[in-house]
Asks: 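Please read through the structure below; I'll follow up with questions.
By convention in this document, chain letters (A, B, ...) are assigned in the order of the sequence lines, proteins followed by strands, and residues within each chain are numbered from 1.
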Amino acid sequence: MSFQAPKGTFDWIPPRSERVLAVREALAAPVRRAGYGYVETPVFEDTALFVRGVGESTDVVSKEMYTFTDKGGRSITLRPEGTASVVRAVLQHGLHNGQLPVKLWYSGSQFRYERAQKGRYRHFWQVGAEAIGAEDPALDAELILLAADGYAALGLTGVRLLLNTLGCKECRPRYRAALQEFLRGLDLDEPTRARIEINPLRVLDDKRPEVQAQLAGAPLVVDHLCEACKAYHEEVRELLTAAGAAFTDDPRLVRGLDYYTRTTFEFVHDGLGSQSAVGGGGRYDGLSEMIGGPALPSVGWALGVDRTLLAMEAEGLLAEEAIGERVQVYGVPLGEEARRRMFLLVTELRRAGLTADMSFGGKGLKGAMKGAGRSGARYALVLGERDLAAQAVQLKDLTTAEQTEVPLAEVADILKGKFS
RNA sequence: GUGGGCGUAGCUCAGUUGGCAGAGCGCCAGGUUGUGGUCCUGGAUGUCGGGGGUUCAAGUCCCCUCGCUCACCCCA
């Protein structure tokens, strides 16, 4: 083979690819029911949008972006996440000038230049939802519940919800300073020491045991929250509890993107190898201003489509994917004349609303019948010279092997009757 | 960017102290010239990831290289 998919990317092929469609639909259904409108933005944007929106200090921006210069000399970046684009679209089209919040959802590809491993690829898919322009704990709770409903609809039972708050521009700086002071006293490697100065919160997220051991006594955000943030977070927690959503408070939960404030959450699953997050999000009250817009306190999430599929696989929810009905009816023509007639018949069936396929490539009867079996079709239509002469076709039930002759003119109606 | 593991048929993988390139599944054909799934018989398909070296002889040993994969890092 001379070509293969670029490093860190992969193809969805049947029958698994069908599950991808189903997962996207299931994850999007709850937000659609909640009145979120669909938005589609370009797969690439002005590089500066991500640098300013996502944050220069993040790994995503500093080393994981697919950036290139286009023929017009513009710096372009394949989107590493969806939120910045959606907020940009809202600002560009003035959607925030109407009633707030603006509720939008999206589904599409994201790109990050990372070293691939299980559950982490350079090209991946997310379904996302954003509620833009309102500061209301009920909105945070709504989104969290909608995501949880999506996972539940897929039959997932092992998804856990982790919840935290990062404070706001009032209380975060004080916490940040306290954390930095603590971290500077630890024995850490050079990249981590640098991170203390740039984005100290993310040091809490380090998974290395030797680092975690030293973090035992680290100051936590919850102990430094201002009154407003404390009340806000408490309200989110109460709403979730009232709605029956189970969650775990995780004071160490930190997001990798700079724009997060207050509520942050992550949906985690144990079946993804060393990755754990199947979805995550939070409040981003300052993002709009960072990219030149007015103050638009907002909240949103992104759920990983391929990671969700891995989680389903880990729970054995993909087991029965081997067998599947591709079509309902399969045509088996014998000879050139019958092939032409069958082509018309199959077309007629499809226009009548049935799903139908036929044998191509001039196979013999045996090969064509094999094709019928593999298609998962309930019925095979066998058409040969004798049938053409009689203006009839053999209708075979592939589950019982029963075969009856029916007039060509009536096949469509008869089959429609059988499937209604 | 840093480590570990693995590269042999479409897929999953055997391949002994270096000695003719293999199996199962799948695919194709026949058994059955108008009937699939089961069964029987037969068939096709390989730069043994690539390059170099050692050797009478390399899938096997040595060096280099590329790819995949898992993990660190980071994140959905």
Asks: C75(B) phosphate, OP1 or OP2: any side-chain N/O from S276(A) under 4.0 angstrom?
Replies: no
Asks: Rounded to whole Å, please give me the gap between CD in Q110(A) and P in C74(B).
Replies: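 Rounded to the whole Å, the gap is 21 Å.
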Asks: For nucleotides 24-27 of chain B, list the nitrogen or oxygen atoms of the protein found under 3.5 Å from its nitrogen or oxygen atoms, one pair per line.
Replies:
residue: C27(B); atom: OP1; partner: R374(A); partner atom: NE; Å: 2.9
residue: C27(B); atom: OP1; partner: R374(A); partner atom: NH2; Å: 2.9

Asks: Can you check the E266(A) CD to A76(B) P distance for me, whole Å?
Replies: 7 Å
Asks: Is it true that T399(A) and R378(A) share a donor-acceptor pair across their side chains at a distance under 3.5 Å?
Replies: yes
Asks: Once you round it to whole Å, what is the distance between P of U35(B) and CG of D387(A)?
Replies: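 Computing the D387(A):CG to U35(B):P distance gives 12 Å.
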Asks: Examine the side chains of Y121(A) and Q110(A) and answer whether a donor and an acceptor come within less than 3.5 Å of each other.
Replies: no
Asks: Name every donor-acceptor pair, under 3.5 Å, that has one atom in a side chain of residues 148-164 of chain A and the other anywhere in the protein, sequence neighbours excluded.
Replies:
residue: Y151(A); atom: OH; partner: V278(A); partner atom: O; Å: 3.1
residue: T157(A); atom: OG1; partner: E315(A); partner atom: OE1; Å: 3.2
residue: R160(A); atom: NH1; partner: D270(A); partner atom: OD2; Å: 3.4
residue: N164(A); atom: ND2; partner: D250(A); partner atom: O; Å: 3.4
residue: N164(A); atom: ND2; partner: P251(A); partner atom: O; Å: 3.4
residue: N164(A); atom: ND2; partner: L253(A); partner atom: O; Å: 2.9

Asks: Which dot-bracket string fits RNA chain B when only Watson-Crick or G-U wobble pairs with both atom distances under 3.5 Å count, crossing pairs get [ ], and | stands for a partner on a different strand?
Replies: (((((((..((((.....[..)))).(((((.......))))).....(((((..]....))))))))))))....
Asks: Assert yes or no for the condition that the ring centre distance of Y330(A) to Y379(A) is strictly below 6.0 Å.
Replies: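 For Y330(A) and Y379(A), the ring centres are not under 6.0 Å apart.
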Asks: If you find the nucleotide of RNA chain B closest to K118(A) and the one closest to G364(A), which residue's nucleotide is nearer the 5' end?
Replies: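 That would be G364(A).
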Asks: Just wondering, are more than 12 heavy atoms of other shown residues or ligands nearer than 6.0 Å to OH in Y66(A)?
Replies: yes
Asks: To the nearest Å, how far apart are R202(A) CZ and C75(B) C1'?
Replies: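 Atom-to-atom, R202(A) to C75(B), this comes out as 10 Å.
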Asks: Do you see a donor-acceptor pair shorter than 3.5 Å between the side chains of T77(A) and T67(A)?
Replies: yes
Asks: Mark yes or no for whether T347(A), through its side chain, and L345(A), through its backbone, hold a donor-acceptor pair below 3.5 Å.
Replies: no
Asks: Measure from CG on L201(A) to P on C74(B) and round the result to the nearest Å.
Replies: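 Whole-Å distance recorded here is 13 Å.
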Asks: What is the distance, to the nearest angstrom, from the CG atom on L310(A) to the C1' atom on C70(B)?
Replies: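 Those two atoms, CG and C1', are 13 Å apart.
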Asks: What is the nucleic acid contact for G273(A), judged by heavy atoms within less than 4.0 Å: base, sugar-phosphate only, or nothing?
Replies: sugar-phosphate
Asks: For residues 78-86 of chain A, which side-chain N or O atoms pair as donor and acceptor with protein atoms under 3.5 Å away, sequence neighbours left out?
Replies:
residue: R79(A); atom: NE; partner: S109(A); partner atom: O; Å: 2.6
residue: R79(A); atom: NH1; partner: T41(A); partner atom: O; Å: 3.3
residue: R79(A); atom: NH1; partner: T41(A); partner atom: OG1; Å: 3.4
residue: R79(A); atom: NH1; partner: P42(A); partner atom: O; Å: 3.4
residue: R79(A); atom: NH2; partner: S109(A); partner atom: O; Å: 3.1
residue: E81(A); atom: OE1; partner: T83(A); partner atom: N; Å: 3.3
residue: E81(A); atom: OE1; partner: Y259(A); partner atom: OH; Å: 2.4
residue: E81(A); atom: OE2; partner: T83(A); partner atom: N; Å: 3.4
residue: E81(A); atom: OE2; partner: A84(A); partner atom: N; Å: 2.9
residue: T83(A); atom: OG1; partner: E130(A); partner atom: OE2; Å: 2.9
residue: T83(A); atom: OG1; partner: Y259(A); partner atom: OH; Å: 3.4
residue: S85(A); atom: OG; partner: E45(A); partner atom: OE2; Å: 3.2

Asks: Output the rounded distance in Å from NZ (K363(A)) to P (C28(B)).
Replies: 7 Å
Asks: Return the value, rounded to whole Å, for the distance between atom CZ of R115(A) and atom P of G3(B).
Replies: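 Computing the R115(A):CZ to G3(B):P distance gives 9 Å.
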Asks: Which value, in whole Å, describes the distance between the C1' atoms of nucleotides C63(B) and U2(B)?
Replies: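 Taking atom C1' in both C63(B) and U2(B), they lie 23 Å apart.
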Asks: For residues 400-413 of chain A, tabulate all N or O donor-acceptor pairs below 3.5 Å that involve a side-chain atom, not counting sequence neighbours.
Replies:
residue: T400(A); atom: OG1; partner: E402(A); partner atom: N; Å: 3.2
residue: Q403(A); atom: NE2; partner: Q394(A); partner atom: OE1; Å: 3.4
residue: E405(A); atom: OE1; partner: Q394(A); partner atom: NE2; Å: 3.0

Asks: Reckon G384(A) touches a base, only the sugar-phosphate, or nothing at all at heavy-atom distances under 4.0 Å?
Replies: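 Counting heavy atoms under 4.0 Å across all strands, the contact made by G384(A) includes a base.
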Asks: So W12(A) and W125(A), would you call those rings parallel, tilted or perpendicular, with 30° and 60° as cut-offs?
Replies: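 Tilted.
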Asks: Atom pairs under 3.5 Å, N or O on each side, protein against nucleotides 30-33 of chain B: can you list them with distances?
Replies:
residue: G31(B); atom: O6; partner: K366(A); partner atom: NZ; Å: 2.8

Asks: Does Y232(A) have R262(A) sitting over its ring (NZ/CZ under 6.0 Å from centre, angle to axis within 45°)?
Replies: yes
Asks: Nearest to the side chain of S274(A) - A76(B), A71(B), G36(B)?
Replies: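 Out of A76(B), A71(B), G36(B), the nucleotide with an atom closest to S274(A)'s side chain is A71(B).
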Asks: With a 4.0 Å cutoff (strictly under), does any side-chain N or O of K7(A) reach OP1 or OP2 of G67(B)?
Replies: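 Result: no.
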Asks: If you take atom types as modelled and just measure distance, does the side chain of Q117(A) reach the base of U69(B) with a donor-acceptor pair under 3.5 Å?
Replies: no
Asks: Assess whether side-chain contact (heavy atoms from CB on, under 4.5 Å) is satisfied between I291(A) and L49(A), documenting all intermediate values.
Replies: CA-CA 7 Å; I291(A) 62 173; L49(A) 171 66; 3.9 Å; yes
Asks: Using the C1' atom in both, what is the distance from U60(B) to U54(B), to the nearest Å?
Replies: 13 Å
